[in-house]
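See below for the structure under consideration.
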Amino acid sequence: METDYREGNRMWEEDSSHKHLLDTMFARGIKRKCFDGEEDIEGTLAGFKSVPSYNLQRQSLLDMSLVKLQLCHMLVEPNLCRSVLIANTVRQIQEEMTQDGTWQVINAQNAGQASLDRLVSSDILCRSTKEQGEGKLIPSYSSFSKDFEDIQSQDIISDLSTVASVQAPRNPQSNVWEMENPQENRANFQKSLDQIFETLENKNPNSVEDLFSDVDNSYYDLDTVLTGMMSNTKMGHCDVLESFSSQTSTNSNSNCKSDINELDHIVEILVES
Amino acid sequence: MKCSDKTVLGSKSDIISTVEFNHTGELLATGDKGGRVVIFQREQESKNQLHRRGEYNVYSTFQSHEPEFDYLKSLEIEEKINKIRWLPQQNAAYFLLSTNDKTVKLWKVSERDKRPEGYNLKDEDGRIRDPATITTLRVPVLRPMDLMVEATPRRVFANAHTYHINSISVNSDYETYMSADDLRINLWNFEITNQSFNIVDIKPANMEELTEVITAAEFHPLHCNTFVYSSSKGTIRLCDMRASALCDRHTKFFEEPEDPSNRSFFSEIISSISDVKFSHSGRYIMTRDYLTVKVWDLNMENRPIETYQVHDYLRSKLCSLYENDCIFDKFECVWNGSDSVIMTGSYNNFFRMFDRNTKRDVTLEASRENSKPRAILKPRKVCVGGKRRKDEISVDSLDFSKKILHTAWHPSENIIAVAATNNLYIFQDKVN
């Protein structure tokens with residue numbers, strides 16, 4: 001981490017000589033530092049990249065944030081606070097970019113785009129998140145990486161019990177997605193925000209509670225806990241259930257089996273999807 | 001304040017994730033990433049060594065939480081101990097609450113220094129005696145034995161939190177406590193493990209509308225009906241449980257207006273409150289956000305009464321700190337026993353103390369290299385730019401992997417415990 005920080009530090013150095021319109025958080029970004037210890041690069045020669053504009057800095061912050069949001073799906077369990085803060089940052093950038101009209105003008109390549117297309121894209125992207133969320137999630141997964149697949153399955157469980165909703169908004173979106181890459185990225189991140197919170201929330205609380213009602217509560221009894229503690233081995237949930245079922249109590253056996261049946265049921269759903 | 005009498009107690013491997021003194025300061029508990037709890041006890045001061053304060057030695061070690069697997073989400077539930085809170089002592093045994101992301105446990109720590117001897121049906125090894133050999137009856141007697149400290153789980157409070165638990169707080173009624181996760185706060189009775197009352201719920205109907213989470217919560221130290229919780233948007237809400245069963249509407253709302261000159265894309269992230277603590281008096285609350293510590297008067301909601309800069313030199317580095325995720329580090333803060341000094345951690349194993357009366361502050365370092373046992377800690381200084389003096393350290397040389405997130409202050413004396421990754425440092429005030 002220490003090394004990483006220093007690399008990052010070289011990229012973003014404190015800048016007191018230039019005045020930026022909005023904030024000093026994005027100091028001049030310097031991609032490579034040829035001269036160690038040199039503080040003032042104002043008069044440096046060619047060989048350095050040109051000083052990036054505020055827009056580019058903002059863009060790179062946006063890209064960094066999107067990567068962070070995607071990465072958090074790969075962790076053990078995403079830290080909700082961190083995800084929310086990053087998502088809010090992304091929204092903030094999006095709003096600002098929409099307001100100063102840079103949203104449509106992504107880069108020079110898109111200068112030739114029909115103005116209508118750009119309007120459509122901004123319309124989709126600025127659409128209320130509620131509408132976005134109503135669309136079925138399944139078709140949109142194709143553009144995401146494989147890491148999403150686990151989370152997809154869980155979504156499908158909840159989707160099975162939720163009403164299949166509006167398909168219409170998807171069509172213009174797919175047109176947008178077939179466009180140039182940058183716009184695709186814009187559409188994607190809006191989707192990301194929605195999906196991130198979909199995947200982060202506990203699916204369909206009712207079904208979860210039903211499942212838990214069958215779980216053998218004696219797992220949390222003193223004896224079981226003590227058994228788990230005293231044996232001093234690392235036991236996963238399944239192991240504890242198995243050790244529990246090896247005890248003479250028939251009550252525990254039946255509950256254990258019902259728990260396993262529930263798991264089978266879930267696995268079936270996952271496999272069929 | 002001078003620090004000396006340093007005791008360094010390194011654990012074998014695991015990163016310390018919480019530190020807490022009990023109400024008398026006799027015991028100090030630490031929880032780590034591996035789910036272990038280690039309790040230290042202060043040795044009795046002997047008459048022979050008047051000048052030497054009691055040192056802390058290991059008293060008990062036990063495995064509080066094990067890793068679990070959530071089959072529904074296909075995710076592992078970490079065994080890392082997020083918080084430990086002691087209950088006030090009511091008999092010879094000690095009780096503490098320890099929690100990981102999902103489950104709170106009540107542990108009883110008790111001493112055993114006598115054991116019964118002279119059973120009739122079994123011999124001293126525990127083997128069953130042949131009944132034919134028993135010719136007389138005897139009464140078992142208690143004989144002294146080597147002191148044994150045993151920890152037993154007395155209650156397990158599970159299945160009440162969908163999101164990750166970040167705080168637990170024992171109520172001043174000593175009958176209830178609360179546990180807070182990202183979106184909800186639950187109230188428990190110590191005797192009842194299969195039910196809890198939900199007292200705060202900020203989960204939106206549509207998760208896509210989620211923009212704010214709960215980051216910390218604490219009961220008022222004296223009023224059992226009052227508690228506060230902080231949010232990722234830099235606000236604190238004070239709630240009164242007498243008002244309604246679900247405390248969705250706050251009684252008081254503490255928020256400082258934003259400084260427009262400091263506005264940036266990172267403003268919200270650095271305003272996110274990582275810790276909130278009532279003063280011992282109950283008159284003030286202290287909050288920690290990424291760059292500052294603030295003291296609020298409960299009677300004034302529109303701004304804090306004091307703001308202390310912890311490491312303002314990081315303000316120009318926020319983008320890098322965002323990139324390497326350090327900007328999301330959650331630092332805790334603590335009051336001293338008289339509420340006159342506050343302390344919090346920083347990077348490079350630095351920690352800071354602010355004297356609220358004299359307005360003086362000091363930066364100290366917790367590291368083996370820089371201080372020997374019994375040595376007085378030398379104040380450290382970070383230089384921001386320009387010329388660096390001899391003992392100063394420049395911002396660019398700070399080690400951001402060495403962060404002090406967890407500290408604790410003895411309830412009545414000037415003894416502090418500082419957790420630096422997987423090492424615990426205990427500093428005491430120098431006695432002349």
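First the proteins, then the strands, lettered A, B, ... as listed; each starts at 1.
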| request: Given side-chain contact (heavy atoms from CB on, under 4.5 Å), test B/F265 with A/L62 step by step and report yes or no. | output: CA-CA 10 Å; B/F265 285 121; A/L62 178 63; over 6 Å; no

So how far is it from [X] [atom1] to [Y] [atom2], rounded to the nearest 0.5 Å?
X      : Y      : atom1 : atom2 : answer
B/S272 : A/R82  : OG    : CZ    : 13.0 Å
B/F328 : A/N79  : CZ    : CG    : 8.5 Å
A/L85  : B/Y322 : CG    : OH    : 9.0 Å
B/S267 : A/N88  : OG    : CG    : 12.5 Å
B/T211 : A/R91  : OG1   : CZ    : 7.0 Å

Contact class of [X] relative to chain A, heavy atoms under 4.5 angstrom:
X      : value
B/F62  : neither
B/L183 : side chain
B/S232 : both
B/K402 : neither

| task | For atom OH of B/Y313, decide whether the heavy atoms of other residues, nucleotides or ligands shown that lie under 6.0 angstrom number more than 12. | result |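 Yes.
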
| Non-hydrogen atoms of B/E323 and A/K68 that approach each other most closely |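 Shortest heavy-atom contact: O-NZ, 3.0 Å.
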
| Between A/M64 and B/C319, which heavy-atom pair has the shortest distance, and what is it? |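 Closest approach of A/M64 to B/C319: CE-SG, 4.3 Å.
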
| task | Evaluate the side-chain proximity of A/L80 to B/L210: yes if any heavy-atom separation is below 4.5 Å, no if none is. | result |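 Counting from C-beta outward, B/L210 and A/L80 do come under 4.5 Å.
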
| Can you tell which of B/I269, B/T215, B/I214 makes a side-chain contact (heavy atoms from CB on, under 4.5 Å) with A/C81? |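 Single side-chain contact (heavy atoms from CB on, under 4.5 Å) partner of A/C81 among B/I269, B/T215, B/I214: B/T215.
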
